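Below is one structure, written out as structure tokens, with a few remarks after it.
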Amino acid sequence: MNRKILLIVLSVCFWGVVQTFSQSVREQKRNRCFQPKEVWYDTEGNPINAHGGGILYHKGTYYWYGEYKTGATTLLSDVGWECYRTDVTGISCYSSKDLLNWTFEGLVLKSVPEDSSHDLHPSQVLERPKVIYNKATKKFVMWAHVDYADYGKAAAGVAVSDTPTGPFTYMGSFRPNGEMSRDQTLFVDDDGTAYQFSSSENNQTMHINRLTPDYTAPDGTYVRRFVGMSREAPAVFKYDGRYYMLSSGCTGWDPNQAELAVADSVMGEWTVLGNPCRGVDSDKTFYGQSTYVIPVQGRKNDGRFIVCFDMWNKKDLPDSRYIWLPLVMDGKGALSIPWQSEWDMTFFDRQ
Ligand code: GAL
């Protein structure tokens with residue numbers, strides 16, 4: 001073998017060894033189970049930064065959108081309540097095939113530092129983004145809670161994109177049907193009709209706003225539900241032909257007891273079922289607050305859901321963690337969320 005060939009052979013072998021080594025490092029770093037309350041790392045080894053988030057499943061991939069919180073947490077004085085905040089940086093997006101390993105796709109909606117009057121200026125509030133896909137317009141539509149630093153604006157902001165990973169174009173904010181809107185979520189029914197659930201009337205009453213066919217505005221039809229019941233952090237899902245709303249009480253960044261409610265139609269009457277959490281600290285939602293319920297895809301539709309909670313660290317908001325837990329049917333035929341300190345998808349198979 002002449003020297004040139006030997007050099008080529010050695011280079012190929014070296015490249016192979018490097019590849020095998022980096023593959024095994026990647027394998028070691030792969031997340032294999034959910035560990036609620038622990039720091040959750042993305043595929044680059046950075047803590048996942050997507051708070052108050054929502055998940056979209058599109059063409060075989062899950063996308064996780066959330067508040068990207070960085071920098072100092074400060075306490076706003078003179079507002080009469082404990083208003084801890086971080087400056088707005090934007091909405092992040094992560095993608096995943098297995099719900100455990102998430103790749104950072106960047107900020108899909110960025111703050112606008114150069115315009116102090118803009119909704120997305122760092123001094124404002126941008127929370128609880130949710131993204132839905134409109135099959136007719138082929139647009140990805142994001143709604144988020146947009147507010148002043150003292151939460152006096154109580155509005156919803158809308159942004160649209162041609163792709164799930166953005167960039168999203170901000171269209172502006174408004175009060176849906178002229179009413180206050182703070183904590184919020186979106187829900188698309190099987191017939192393609194979309195709704196925004198939002199804590200309205202100073203967080204006292206939930207408004208369910210039906211959206212226009214392009215999902216970018218309320219269509220004018222809405223109902224008041226959970227009147228005077230101070231429900232926040234709504235997460236809505238459909239199971240076995242019925243509609244469920246998981247929500248929190250109204251205690252700022254501090255935890256309280258979760259509540260599940262059910263209805264036969266989205267805008268119909270809702271019946272409160274009580275607290276679905278089971279196990280230690282279930283009276284405080286395990287120190288979490290609901291943000292989304294994910295229907296797990298790729299298996300038969302037999303009621304596999306993952307419930308996503310935020311565990312807020314109000315004095316260091318960027319260090320807020322996530323609590324993802326399975327939602328299961330318990331022995332008494334009721335939906336429940338049992339505490340697990342560590343679990344994986346095989347949990348569902350054991351049910
Ligand atoms: C919570 C709400 C959070 C955030 C916080 C501010 O009740 O769910 O999204 O707005 O208040 O204190």
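For ligands, and for the atoms within them, numbers begin at 1 and follow the listed sequence. Computed from a predicted model, the values in this text were never measured in an experiment.
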Show me the side-chain donor-acceptor pairs of residues 209-216 shorter than 3.5 Å, one per line, residues at least two apart or across chains.
unit_1 : atom_1 : unit_2 : atom_2 : d
N209   : OD1    : N177   : ND2    : 2.9
N209   : ND2    : Q196   : OE1    : 2.9
R210   : NE     : D219   : OD2    : 2.7
R210   : NH2    : D219   : OD2    : 2.9
R210   : NH2    : T221   : OG1    : 3.4
T212   : OG1    : D214   : OD1    : 2.7
T212   : OG1    : A217   : N      : 3.4
T212   : OG1    : A217   : O      : 3.2
D214   : OD1    : T216   : N      : 3.0
D214   : OD1    : T216   : OG1    : 2.9
D214   : OD2    : T216   : OG1    : 3.1
Y215   : OH     : G192   : O      : 2.5

*Which protein residues have a heavy atom closer than 4.0 Å to any atom of ligand 1, listed by chain and number?*
W81, E127, R128, Y151, D183, E232, G252, W253, Q289
List, one per line, each side-chain donor-acceptor pair under 3.5 Å for residues 112-121, sequence neighbours excluded.
unit_1 : atom_1 : unit_2 : atom_2 : d
D115   : OD1    : S117   : N      : 3.0
D115   : OD1    : S117   : OG     : 2.7
H118   : ND1    : L120   : N      : 2.9
D119   : OD1    : K153   : NZ     : 3.4
D119   : OD2    : Y170   : OH     : 2.5
D119   : OD2    : S173   : OG     : 2.7
H121   : ND1    : S123   : N      : 3.2
H121   : ND1    : S123   : OG     : 2.7
H121   : NE2    : P113   : O      : 3.4

_Could you check whether D316 pairs with K314 (Lys NZ or Arg NE/NH1/NH2 to Asp/Glu carboxylate O, under 4.0 Å)?_
no
*Only one of Y292, W64, F309 forms a ring-ring contact (aromatic ring centres under 6.0 Å, His included) with W324, so which one is it?*
W64
*Taking the side chain as every heavy atom from C-beta outward, state whether Y94 and Y63 have any pair of such atoms under 4.5 Å apart.*
no
*salt bridge (Lys or Arg N to Asp or Glu O under 4.0 Å): which pairs involve residues 90-112, sequence neighbours left out?*
R30-D98
